[in-house]
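Keep in mind the model is a prediction, meaning the values are calculated, not measured.
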2 protein chains.
Amino acid sequence: MSKPSNIEVTNTEPESVDTGKNMKLILARAKDQRNFCPVRDVIHRISDKWSLLSILALGTYGTLRFNALKKEIGDVSQRMLTVTLRNLEEDGFVSRKIYAEVPPRVEYQLTEMGEGLMQQALRLADWANTQLPGIISSRENFKKN
Amino acid sequence: MSKPSNIEVTNTEPESVDTGKNMKLILARAKDQRNFCPVRDVIHRISDKWSLLSILALGTYGTLRFNALKKEIGDVSQRMLTVTLRNLEEDGFVSRKIYAEVPPRVEYQLTEMGEGLMQQALRLADWANTQLPGIISSRENFKKN
DNA sequence: CAGTATCCCTACCGATACTG
DNA sequence: CAGTATCGGTAGGGATACTG
């Protein structure tokens, strides 16, 4: 649990699925790390209601103050934006700079790791978009049965 | 909402982040689709507690019966495995074949789309693993302040 | 401006018991 | 074997009010 000494998951070939014994290793590790799995961890972080939108907004504008970000996202509550940003900051995806002024000014921006996360999200978005028609028709088909 | 006529997100270059006006389009669409966004949809599907593990198990073994899958995952409740599999089936990631026998036999396996989803997950896993040290140290640093 | 603090509501999830 | 049905606990999230 200390350090991930050897990474079994190294899908450099996006077209092919790892098969056979390698998959068993991956599965075994996934089960092992049930309570501390980096994948689930990252997914959990971006799967809440506002993280992705916050990351996308920061990626778009570079730097945003709290209320500018809030206005940009639109319908997020003040509380939830604070919680979201603190979590992202804690994990190192977002940096937070406080300027000692009155009234206070706080600026948020993506860290390098945060930009990496956004790229992962965009990738997933790309794939999801291509799959969308299939998902929708599958759902409609499911309803009928 | 009917069909995604033009896909703006086409990150074929994994090394670079889309910048400028393209990002604004992406952000605008993400906000627009707040209540029906394919990305959030897919993320939401795989972000629950058991979907990823189920997909990984099915990807590993190819075909599994309900109780075999349950045993493989280990600590999932019967109810939650049923719910998880139904959701995955509804979206077209998992197929479910019922054999008219007594006692009943039901076999689950990944669809083609499900294998695609697993590949996306493995990709994300790969990235997450490389980022893990950074995330951990960021968290520890955060605690101190 | 950029937050906390409080309350409350809902969705997810687990345990247990029952069934075709 | 492969599920439902029911209940109850917990975490995510929103509304509102207050503050350095």
Taking it one step at a time, do B:I136 and B:E140 satisfy side chain to side chain contact (heavy atoms under 4.5 Å, CB included)? CA-CA 6 Å; B:I136 290 176; B:E140 282 171 2; 3.9 Å; yes

Check B:L64, B:V76, B:T84, B:N87 against B:S54 for a side-chain contact (heavy atoms from CB on, under 4.5 Å) and give me the one that passes. B:T84

Rounded to whole angstroms, how far apart are CG on B:D48 and C1' on D:dA11? 15 Å

For DNA chain C, which residues of residues 77-94 of chain A approach it to below 4.0 angstrom with any heavy atom? A:Q78, A:R79, A:T82, A:R86

Is any side-chain heavy atom of A:L117 less than 4.5 Å from a side-chain heavy atom of B:W127? yes

How large an angle, rounded to 10°, do the end axes of the helix from C:dC1-D:dG20 to C:dG20-D:dC1 enclose when each is built from five base pairs? 50°

Want to settle it: does A:V76 or A:P104 sit nearer the 5' end of DNA chain D, counting the closest nucleotide to each? A:V76

Under a 3.5 Å distance rule, please check whether A:S47 uses its side chain to pair with a backbone N or O of B:S47 as donor and acceptor. no

Give a yes or no answer on whether the side chain of B:T111 reaches the backbone of B:F93 with a donor-acceptor pair at less than 3.5 Å. yes

N/O donor-acceptor pair under 3.5 Å between B:N129 side chain and B:A125 backbone: yes

Anything under 30° is parallel, anything over 60° is perpendicular, the rest tilted; go ahead and classify B:Y108 against B:F66. tilted

Taking atom types as modelled, is there a side-chain donor on A:E107 or A:T63 under 3.5 Å from an acceptor on the other? no

Counted 5' to 3', the first and last nucleotides of DNA chain C within 4.0 Å (strictly under) of a heavy-atom of chain A are C:dC1 to C:dT6

Closer than 3.5 angstrom, by distance alone: can the side chain of B:S51 be matched with the main-chain N or O of B:I46 as a donor-acceptor pair? no

Residue of the set A:V106, A:L81, A:L53 for which side-chain contact (heavy atoms from CB on, under 4.5 Å) holds with A:L69: A:L81

Please classify the nucleic acid contact of B:Y108 as base, sugar-phosphate, or nothing, using heavy-atom distances under 4.0 Å. sugar-phosphate

